[in-house]
Q: 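Before anything else, here's the structure in question.
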Amino acid sequence: MTEKSLVIIGCGPGGMSAALAARENGIQDILILERDNRPGGIMNQCIHSGFGIKYFGEELTGTEYALRVFDKIQEQGIELRLNTMVTDITPEKVITALTAGEVIKIKAGAIILAMGCRERPRGAINIKGTRPAGVI
């Protein structure tokens with residue numbers, strides 16, 4: 001069984017930000033688990049610009065922003081496992097995951113759940129109106 005100080009589940013903007021903040025605060029042994037075949041999460045769907053102005057000082061699309069943040073993850077040497085589906089987390093912080101046809105177990109000192117969100121059209125969630133106020 002592998003042991004890690006911090007395991008982050010999800011490599012979207014929340015997971016990557018959490019990993020970078022943890023590293024900045026002295027945590028060295030970090031592992032990010034991502035079920036998709038690439039990092040970025042919901043940002044990969046955001047083809048419009050408007051991201052990165054505060055963090056990078058320029059306007060980027062969601063995909064460009066995700067790639068820039070991922071570059072920082074790589075520069076920091078933070079470990080990432082793509083195509084890895086978490087199937088169980090015990091109260092003792094033991095994570096069971098499937099990756100490349102293999103079951104792995106990881107004992108974590110701490111776990112951050114950053115599994116994010118998915119966009120769905122208004123019709124799929126049965127909210128009346130054209131602009132659902134208060135829905136984030």
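Since this is a predicted model, take the numbers as computed values, not measurements.
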Q: Please test V7 against I106 for side chain to side chain contact (heavy atoms under 4.5 Å, CB included), starting from the C-alpha separation and ending with a verdict.
A: CA-CA 8 Å; V7 176; I106 304 154; 3.8 Å; yes

Q: With side chain to side chain contact (heavy atoms under 4.5 Å, CB included) as the test, would you mind laying out the steps for T96 and V86 before giving the verdict?
A: CA-CA 6 Å; T96 303; V86 173; over 6 Å; no

Q: Minimum heavy-atom separation for E3 to D29, with atom names?
A: O-OD2, 3.5 Å

Q: Determine whether I95 and D88 make a side-chain contact, defined as any pair of heavy atoms from C-beta on separated by less than 4.5 Å.
A: no

Q: State, with a plain yes or no, whether a side-chain heavy atom of P13 is found less than 4.5 Å away from one of M43.
A: yes

Q: To the nearest 0.5 Å, what is the distance between CD1 on I8 and CD1 on I78?
A: 7.0 Å

Q: Is there a donor-acceptor pair closer than 3.5 Å between any side-chain N or O of R68 and the backbone N or O of K72?
A: no

Q: Please find the pair of heavy atoms, one from G52 and one from L60, that lie closest to each other, and give the distance.
A: CA-CD1, 4.4 Å

Q: Would you please test I32 and R81 for side chain to side chain contact (heavy atoms under 4.5 Å, CB included) and show each step?
A: CA-CA 6 Å; I32 305 173; R81 285 188 180 218; over 6 Å; no

Q: If every non-hydrogen atom of S49 is compared with every non-hydrogen atom of E59, which pair is closest and at what distance?
A: OG-OE2, 2.7 Å

Q: CZ/R23 to CG/L20 distance, rounded to the nearest 0.5 angstrom?
A: 9.0 Å

Q: Side chain to side chain contact (heavy atoms under 4.5 Å, CB included) with T99: which of L82, I104, L33?
A: I104

Q: To the nearest 0.5 Å, tell me how far S17 OG sits from E24 CD.
A: 9.5 Å

Q: Taking the side chain as everything from C-beta on, heavy atoms only, tell me whether I89 gets closer than 4.5 Å to I9.
A: yes

Q: Is I53 reachable from Y55 through a run of hydrophobic residues whose side-chain heavy atoms are each under 4.5 Å from the next?
A: no

Q: According to the ring-ring contact (aromatic ring centres under 6.0 Å, His included) rule, which pairs have a member within residues 61-97, sequence neighbours left out?
A: F56-Y65

Q: Where do I73 and A19 come nearest, in terms of heavy atoms and distance?
A: CD1-CB, 3.8 Å

Q: Flag the pair K107 and E92 as a salt bridge only when some basic side-chain nitrogen lies within less than 4.0 angstrom of an acidic carboxylate oxygen.
A: no

Q: Are the side chains of K4 and E79 in contact, using a 4.5 Å heavy-atom criterion?
A: yes

Q: For the side chain of Q74 and the backbone of D71, is there at least one donor-acceptor N/O pair under 3.5 Å apart?
A: no

Q: With the side chain counted from C-beta on, respond yes when K105 and T2 share a heavy-atom pair under 4.5 Å apart, and no when they do not.
A: no

Q: When rounded to the nearest 0.5 angstrom, what is the spacing between SG in C11 and CE in M16?
A: 5.0 Å

Q: Working to the nearest 0.5 Å, report the span between CG of L31 and OG1 of T84.
A: 8.0 Å

